Amino acid sequence: MTSLNDLDCQTCGACCSFSPDWPRFSTESDAALDLLPPRFVAADETGMRCSGSRCDALSGRVGFETSCLVYDIRPVVCRECVPGDDACLMARAAFGLTLPHQILG
Ligand code: SF4
Ligand code: SF4
């Protein structure tokens, strides 16, 4: 039986594609932000660059296979995202994703 503990971010990517307001910078040091390739940083430098609602650093197809191209240096908000929390489930629902192997949309 599947559960929230089975959520696999690498077959999801919904929270990285939900809103351009989500991958915002917060408590990162200047040194940490300097590590991010400029092409992935928003013009106003307040967060990750997005195309529509999708972070430009997300690779792959949402709901199938995805990866973060800056995983090791990703923003704090991305590190704090917890699979199965309210934000996660809201993002997954927006893409018709509920639990693994239950792709509704
Ligand atoms: S929406 Fe949840 S399961 Fe999907 S990538 Fe984000 S944290 Fe992982
Ligand atoms: S930086 Fe990576 S983890 Fe954060 S929103 Fe973009 S693709 Fe997702």
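Note that ligands are numbered from 1 as they come in the structure, with each ligand's atoms numbered from 1 the same way. It should be emphasised that the depicted structure is a prediction, and the values quoted were computed from it without experimental measurement.
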>> Please identify which of these residues, Asp8, Leu89, Leu7, meets the side chain to side chain contact (heavy atoms under 4.5 Å, CB included) condition with Pro83.
In response: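 Among Asp8, Leu89, Leu7, the one that satisfies the side chain to side chain contact (heavy atoms under 4.5 Å, CB included) with Pro83 is Leu7.
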
Output yes when a side-chain donor or acceptor of [X] lies under 3.5 Å from a complementary backbone atom of [Y], and no otherwise.
X: Thr66; Y: Cys9; value: yes
X: Glu80; Y: Cys78; value: no
X: Arg49; Y: Arg39; value: yes

Give the cluster check for [X] versus [Y]: same hydrophobic cluster or not, with ILVMFWY residues linked at side-chain heavy-atom distances below 4.5 Å.
X: Val70; Y: Val76; result: no
X: Tyr71; Y: Met48; result: no
X: Phe95; Y: Met90; result: no
X: Leu97; Y: Leu58; result: yes
X: Leu33; Y: Val41; result: yes

For [X], atoms of ligand 2 separated by under 4.0 Å from a heavy atom:
X: Leu58; result: 7 (S)
X: Ala57; result: 7 (S)
X: Pro23; result: 5 (S)
X: Met48; result: 1 (S)
X: Cys78; result: 1 (S), 3 (S), 4 (Fe), 5 (S)

> Protein N, O or S atoms less than 2.8 Å from atom 4 (Fe) of ligand 1, ignoring waters?
Replying inline: Cys12 SG

> So how far is it from Asp30 CG to Phe25 CZ, rounded to the nearest 0.5 Å?
Replying inline: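 The distance works out to 11.0 Å.
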
List the closest protein heavy-atom neighbour of [atom]: residue, atom name, distance to the nearest 0.1 Å.
atom: atom 2 (Fe) of ligand 2; value: Cys68 SG, 2.3 Å
atom: atom 6 (Fe) of ligand 2; value: Cys55 SG, 2.4 Å
atom: atom 7 (S) of ligand 1; value: Cys81 SG, 3.5 Å

> How does Val70 reach ligand 2, if at all, at less than 4.0 Å between non-hydrogen atoms: by side chain, backbone, both, or neither?
Replying inline: side chain

> For atom 1 (S) of ligand 2, which candidate among Pro75, Ser59, Cys50 provides the closest heavy atom?
Replying inline: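 Comparing heavy atoms across Pro75, Ser59, Cys50, the nearest one to atom 1 (S) of ligand 2 lies in Pro75.
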
> Is the closest side-chain heavy-atom distance between Ile73 and Phe40 below 4.5 Å?
Replying inline: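 Of all side-chain heavy-atom pairs linking Phe40 with Ile73, none is under 4.5 Å.
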
